[in-house]
Novice: 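Okay, here's the structure, questions in a sec.
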Amino acid sequence: MLKIILRSVREYKKPSIFSVIFIMLEVAMECALPFITAKLVDQMQNNDFEKLIIYSIILVAMAMLSLLFGALAGKYCAKASAGFAKNLRKDMYNKITSYSFANIDKFQASSLVTRMTTDVTNVQMAYMMVIRTAIRSPMMLIFSTIMAFILAPSLAWVFVVVIPILAAFLLLIMYLALKIFRRIFKKYDAVNDSIKENIDGIRVVKSFVREDYEIAKFEKNAYQLRKDFTRAERIVSWNGPVMQFFVNALMIMLLVIGSITIIKGASYDADTKIITFGDVTIGEFQSLLTYGFQSLMAVMMLSMILVMIVISIEAVKRISEVLLEESTLVNPEDPLYEVEDGSIDFNDVSFKYSQNALKFALEGVNLHIKSGQTVGIIGSTGSSKTTLVNLISRLYDVSEGEVLVGGKNVKEYDLKTLRDNVSVVLQKNLLFSGTIAENLRWGNENATDEEIKHACDLACASEFVESFPDKYNTHIDQGGANVSGGQKQRLCIARALLKNPKIIIFDDSTSAVDTKTDALIRKGLKEFIPSTTKIIIAQRISSIQDADLIVVMDDGKINQVGTHEKLLEENEIYKEVYYSQNKIGGGKNAQN
């Protein structure tokens with residue numbers, strides 16, 4: 001897993017290395033400072049001002065160097081960790097955009113959002129601590145212990161006793177917290193899912209006055225997340241008191257042992273003019289206390305790093321799952337880059353959304369559409385109308401059988417080529433923040449103003465667009481919140497037309513426009529793009545009754561295919577829908 005995500009470091013390898021180098025230099029300075037301080041304190045006893053000045057200058061120089069190295073280490077560490085997080089989010093985003101719908105369904109949108117935000121932030125923090133603190137703390141621990149043994153071997157054994165005991169306590173704390181942190185990430189997903197669902201459906205929530213219900217549901221998820229976090233933080237909070245206890249214990253032990261040594265008798269070295277207690281001078285004893293504090297602080301920092309790493313391990317796992325996931329839809333080895341025409345053939349097609357599904361969403365579909373035909377699709381909710389057309393642009397792959405476009409299996413085409421020639425106006429229309437012209441150019445980024453206006457004419461969108469003060473430069477809010485549902489649908493139709501596709505699919509995309517506008521749109525499509533195959537999914541029979549073929553869907557199967565007149569005579573499902581929309585009562589009674 002680490003190997004996968006560390007690929008995102010890339011151009012930030014140098015800052016990472018520089019950070020480690022400067023941290024090592026900073027630690028070297030900090031570990032040498034108490035040693036020089038001991039010399040300075042000892043020289044103060046014999047009034048050797050010359051050496052006193054020399055040691056003072058060395059101390060100041062080392063302190064300045066320590067400050068410089070620390071600042072440079074912080075600078076490069078911040079650059080490396082922030083750059084790593086930026087690359088990681090970029091790589092995840094690029095990977096997600098390559099996913100098929102099946103991949104998106106597997107992860108769920110709220111989980112992907114959590115992985116790109118909270119999880120990446122945790123990994124960024126862990127990376128920063130690894131290249132900075134995880135290098136600094138072990139070095140500080142090792143160097144401080146070594147320097148303690150160099151200064152006072154008779155007292156430094158205290159370090160060997162205290163530090164392992166402290167480390168054991170801190171590791172226990174980390175182990176207990178780990179189990180809880182592993183549960184937290186799934187609860188992040190639940191909270192984000194609740195937020196996303198409410199934002200997407202805020203109009204429904206408000207129209208049904210269900211704010212209190214949704215707030216209670218969100219609070220339940222937030223409470224569970226808070227409960228686990230509190231429990232984990234309560235365990236981790238023992239780090240401080242345990243650390244403080246051992247710091248005090250070490251200091252007491254050193255002071256007690258030092259006092260015993262002093263009581264045994266001090267000696268005065270006439271040559272160096274320095275008072276010693278056993279084999280330890282006053283300066284060395286003072287520095288020994290400093291090294292003791294540094295060692296214990298290093299152990300505590302290591303424990304905090306381990307907790308952060310524990311948190312990030314689960315984040316690393318979740319991010320790796322996104323980066324390792326391969327799209328269920330891939331280009332063939334030698335793809336086709338040209339679609340001959342807009343003909344479509346379904347040959348014994350069956351499809352289910354999951355291999356483990358007990359039932360096929362589509363089963364035994366055989367349908368043949370000639371290039372340039374207008375085909376209507378009608379059926380009850382859940383009859384798999386949208387599923388059927390999703391297979392044409394290869395948003396999903398068939399489970400059995402084959403789908404042909406232009407006489408070739410859709411799996412033989414380059415995905416971009418196929419989708420450039422199959423334009424889809426989805427059931428859930430979406431506009432992006434930006435101007436109307438920018439939204440329309442999603443269909444063709446090089447479209448001229450004349451082409452944009454022509455597409456809007458065909459979609460019956462020109463009239464309302466040109467009524468805006470800024471016309472095609474009118475700003476659209478995110479999701480198209482500042483235009484009506486019908487206006488949004490017409491803009492999406494115009495956007496699809498700008499692709500100049502060989503096949504265009506309307507997935508109930510005129511449901512929000514009136515019947516007159518619907519008829520004008522169909523008339524314009526028939527007159528201006530006669531060679532384009534047009535597939536119209538509709539709930540209103542008036543939207544498809546003039547089609548060359550009408551497909552009646554029922555429970556994932558094709559019930560019947562025919563013209564409006566033929567189906568009105570022979571098909572019970574079609575007759576029931578027709579008469580329910582045009583007359584009061586059902587079929588036989590309506591005919592009388």
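Only a predicted model underlies this, so the values are computations on that prediction, with no experimental measurement involved. Throughout, residue positions are numbered sequentially from 1 according to the sequence presented.
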Novice: Starting at CD1 of Ile5, measure out to CG of Asp119 and round the result to the nearest 0.5 Å.
Specialist: 10.5 Å
Novice: Can you tell if the side chain of Ile436 reaches within under 4.5 Å of the side chain of Ile476, non-hydrogen atoms only?
Specialist: yes
Novice: Any donor and acceptor pair, going by atom type alone, linking the side chain of Ser66 with main-chain N or O of Met62 inside 3.5 Å?
Specialist: no
Novice: Should the heavy atoms of other residues, nucleotides or ligands under 6.0 Å from NZ of Lys95 be counted, would the total exceed 12?
Specialist: yes
Novice: Can you list the residues that meet the salt bridge (charged side-chain N to carboxylate O under 4.0 Å, His left out) rule with Glu219, with sequence neighbours excluded?
Specialist: none
Novice: With the threshold set at 4.0 Å, does a side-chain nitrogen-carboxylate oxygen contact exist between Lys416 and Asp420?
Specialist: yes
Novice: Could you grab the distance from atom CG of Asp414 to atom OH of Tyr337, nearest 0.5 Å is fine?
Specialist: 5.0 Å
Novice: Keeping the roles fixed (side chain from Glu438, backbone from Thr435), state whether a donor-acceptor pair exists under 3.5 Å.
Specialist: yes
Novice: Please report the shortest heavy-atom distance between Met128 and Cys77, naming the atom on each side.
Specialist: CG-SG, 3.3 Å
Novice: Residues two or more places apart in sequence or in another chain: which of them pass salt bridge (charged side-chain N to carboxylate O under 4.0 Å, His left out) with Lys86?
Specialist: Glu11
Novice: Check whether any side-chain heavy atom of Leu72 lies under 4.5 Å from a side-chain heavy atom of Leu25, and answer yes or no.
Specialist: no
Novice: Restricting to salt bridge (charged side-chain N to carboxylate O under 4.0 Å, His left out), what partner residues turn up for Arg394, sequence neighbours left out?
Specialist: Asp397
Novice: Go through the steps for Arg318 and Thr114 under the test side chain to side chain contact (heavy atoms under 4.5 Å, CB included), then give the verdict.
Specialist: CA-CA 10 Å; Arg318 287 156 56 86; Thr114 305; 3.6 Å; yes
Novice: Scan Ile53, Val60, Leu59 and name whichever one has a side-chain contact (heavy atoms from CB on, under 4.5 Å) with Ile57.
Specialist: Ile53
Novice: Got Thr328 and Asn103 here, is their nearest side-chain heavy-atom distance under 4.5 Å?
Specialist: yes
Novice: Short question: side chain of Thr417, backbone of Tyr413 - any donor-acceptor pair under 3.5 Å?
Specialist: no
Novice: Within the supplied structure, the quantity of interest is the number of heavy atoms (other residues, nucleotides, ligands) at a distance under 6.0 Å from Met116 CE; does it exceed 12?
Specialist: yes
Novice: Spell out, as yes or no, whether a donor-acceptor pair under 3.5 Å connects the side chain of Asp470 to the backbone of Asn473.
Specialist: no
Novice: Would Trp442 and Phe432 count as a close aromatic pair, with their ring centres under 6.0 Å?
Specialist: yes
Novice: Looking at Phe169, I'd like to know if its CZ atom is crowded, meaning that more than 12 non-hydrogen atoms belonging to other residues, nucleotides or ligands lie closer than 6.0 Å.
Specialist: no
Novice: Would you say the side-chain atoms of Ser399 pair up with the backbone N or O of Lys352, donor to acceptor, closer than 3.5 Å?
Specialist: yes
Novice: Between Glu30 and Glu26, is there a side-chain heavy-atom distance shorter than 4.5 Å?
Specialist: yes
Novice: Are Phe218 and Ile215 close enough, and set up right, to give a side chain to side chain contact (heavy atoms under 4.5 Å, CB included), and what steps lead you there?
Specialist: CA-CA 5 Å; Phe218 173 80; Ile215 289 171; 5.7 Å; no
Novice: Can you tell me how far apart OG (Ser100) and CD (Glu325) are? Round to the nearest 0.5 Å.
Specialist: 8.0 Å
Novice: Got a second to check how far Asn331's CG is from Leu418's CG, nearest 0.5 Å?
Specialist: 10.0 Å
Novice: Within this structure, what is the CG-CG distance for the pair Leu498 and Asn444, rounded to the nearest 0.5 Å?
Specialist: 6.0 Å
Novice: Take Arg115 and Glu321 through the side chain to side chain contact (heavy atoms under 4.5 Å, CB included) test and state the conclusion after the steps.
Specialist: CA-CA 10 Å; Arg115 292 170 199 238; Glu321 287 174 350; 2.9 Å; yes
Novice: Would you say Tyr353 has more than 12 foreign heavy atoms packed within less than 6.0 Å of its OH?
Specialist: yes
Novice: In the structure I gave you, are the side-chain heavy atoms of Tyr93 and Ile96 within less than 4.5 Å of one another anywhere?
Specialist: no
Novice: Around Met24, counting heavy atoms of other residues, nucleotides and ligands shown, do more than 12 lie under 6.0 Å from its CE?
Specialist: no
Novice: Which heavy atom of Leu323 sits nearest a heavy atom of Leu88, and at what distance?
Specialist: CD1-CD1, 4.2 Å
Novice: Which residue, Ser81, Ser16, Ser8, forms the side chain to side chain donor-acceptor pair (under 3.5 Å) with Tyr127?
Specialist: Ser16
Novice: Identify the two heavy atoms, one from Arg226 and one from Tyr223, that lie closest to each other, and give their separation to 0.1 Å.
Specialist: NH2-CE1, 2.9 Å
Novice: Please find the pair of heavy atoms, one from Asn439 and one from Gly434, that lie closest to each other, and give the distance.
Specialist: ND2-O, 3.9 Å
Novice: Which heavy atom of Lys79 sits nearest a heavy atom of Pro15, and at what distance?
Specialist: CD-CG, 4.2 Å
Novice: How long is the straight-line distance from CG of Leu324 back to NZ of Lys317, given to the nearest 0.5 Å?
Specialist: 12.5 Å
Novice: Show the numbers, then the answer: is there a side chain to side chain contact (heavy atoms under 4.5 Å, CB included) between Val120 and Met92?
Specialist: CA-CA 10 Å; Val120 171; Met92 289 178 70; 3.8 Å; yes
Novice: Taking the ring of Tyr12 and the ring of Phe84, is the distance between their centroids below 6.0 Å?
Specialist: no
Novice: Before giving the answer on salt bridge (Lys or Arg N to Asp or Glu O under 4.0 Å), spell out for Asp91 and Arg10 the whole-Å C-alpha distance, their side-chain angles and the decisive distance to 0.1 Å.
Specialist: CA-CA 11 Å; Asp91 293 343; Arg10 293 196 291 276; 2.9 Å; yes
Novice: When you look at CG of Asp334, are more than 12 heavy atoms from neighbouring residues, nucleotides or ligands closer to it than 6.0 Å?
Specialist: no
Novice: Please tell me if the side chains of Asp477 and Leu431 come closer than 4.5 Å, counting only heavy atoms from C-beta onward.
Specialist: no
Novice: Quick check: do Arg441 and Asn446 have side-chain heavy atoms less than 4.5 Å from each other?
Specialist: no
